[in-house]
Asks: 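What follows is a structure written as structure tokens; I'll ask about it next.
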Amino acid sequence: MTINQPVYINILEDCARFNATLVAVSKIQPNSKIQELYQLGHRDFGENYVQELLEKQQALPPDIRWHFIGHLQTNKAKYIVPFVHLIHGVDSLKLLKEINKQAAKANRKVQCLLQVYIASEETKFGLDYTEAENILQQKNQFENASIIGLMGMASNTSDKMIVKNEFEQLATFFKKHFDPQVHHLSMGMSGDYLLALTSGSNMVRIGSSIFGFRVYQ
Ligand SMILES: *Cc1c(COP(=O)(O)O)cnc(C)c1O
């Protein structure tokens, strides 16, 4: 089992055109595939599960930038705060406060994105625009948790107009709040990343098209 290198190169080129960062989503994928991408020079990897991330962080090179892109339970923040590069899914003030607290203990500043709920499905986590606005207004109170942008996941539908609308709405909200600190917009996955980039994303999270389908066991 190997990664799909031509697809990876292609995605990298698309990201370069839009000045975007590619986060390779390696959840449920074996370390061997992460190593393979690492050998090609890739350093940004995304994981969804705390326990899995802890095991991979132990086993893999220390200069990997680990992105936590899943739903983070407040009581588990303390495990990843000491080393994580960016937490994409901050979806409550309570979680942000806990990250800030744990980061102070670990004597570091942890970068966070606020996850905004943009899909029309009920299963996804995230803040609504009003809640996100509220937290952004208080962002300077958190000395050890730095909100550097926003994250969103579009509806899981083949209707491109729906997806485009959701991305564009979040991009509009992002532009309103853009400043030297809040400058990352994480949106786009394997199936919709080009639409995300043309809508204003500057960080995409792509798993299956690079690594192959995930085999859940
Ligand atoms: C799994 C996951 C991805 C990657 O999805 P693919 O369709 O495999 O590219 C991106 N973002 C989040 C939040 C995920 O959970």
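Atoms within a ligand are numbered from 1 in the order they appear, just like the ligands themselves.
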Asks: Among Met189, Lys27, Gln115, whose heavy atom sits nearest atom 14 (C) of ligand 1?
Replies: Lys27
Asks: Flag Arg205 as yes when one of its N or O atoms lies below 3.5 Å from any N or O atom of ligand 1, and as no otherwise.
Replies: yes
Asks: Indicate yes or no: at least one non-hydrogen side-chain atom of Gln115 is less than 4.5 angstrom from one of Leu113.
Replies: no
Asks: Considering only non-hydrogen protein atoms, determine which one is nearest to atom 9 (O) of ligand 1 and report residue, atom name and distance to 0.1 Å.
Replies: Ser190 OG, 2.5 Å
Asks: Within the 4.0 Å heavy-atom shell around Met153, which atoms of ligand 1 are there?
Replies: 13 (C)
Asks: Report the nearest protein non-hydrogen atom to atom 13 (C) of ligand 1: residue, atom name, distance rounded to 0.1 Å.
Replies: Ile69 O, 3.5 Å
Asks: Look at the rings of Phe211 and Phe45 and say which category their plane angle falls in: under 30° parallel, 30 to 60° tilted, over 60° perpendicular.
Replies: tilted
Asks: Is Gly207 in polar range of ligand 1, meaning some N or O pair under 3.5 Å apart?
Replies: yes
Asks: Assess whether atom NZ of Lys164 is packed by more than 12 heavy atoms of other residues, nucleotides or ligands within 6.0 Å.
Replies: no
Asks: Heavy-atom contacts under 4.0 Å between His88 and ligand 1: side chain, backbone, both, or neither?
Replies: neither
Asks: Only heavy atoms of Ile206, strictly under 4.0 Å: list the atoms of ligand 1 that pass.
Replies: 9 (O)
Asks: Taking atom CG of Asp179 as the centre, report whether more than 12 heavy atoms of other residues, nucleotides or ligands fall under 6.0 Å from it.
Replies: yes
Asks: Please could you name the atoms of ligand 1 that Ser208 approaches to less than 4.0 Å, counting only its heavy atoms?
Replies: 6 (P), 7 (O), 8 (O), 9 (O)
Asks: If you compare all heavy atoms of Gln35 against all heavy atoms of Pro61, which two are closest, and at what distance to 0.1 Å?
Replies: NE2-CD, 4.2 Å
Asks: Taking only heavy atoms of Asn48 into account, list the atoms of ligand 1 that are under 4.0 Å away from them.
Replies: 14 (C), 15 (O)
Asks: Cut-off 3.5 Å, side chains only: do Tyr38 and Asp63 have a donor facing an acceptor?
Replies: yes
Asks: Using the rule that two of Ile, Leu, Val, Met, Phe, Trp, Tyr join whenever any of their side-chain heavy atoms come within less than 4.5 Å, decide whether Val204 and Ile69 are in one cluster.
Replies: no
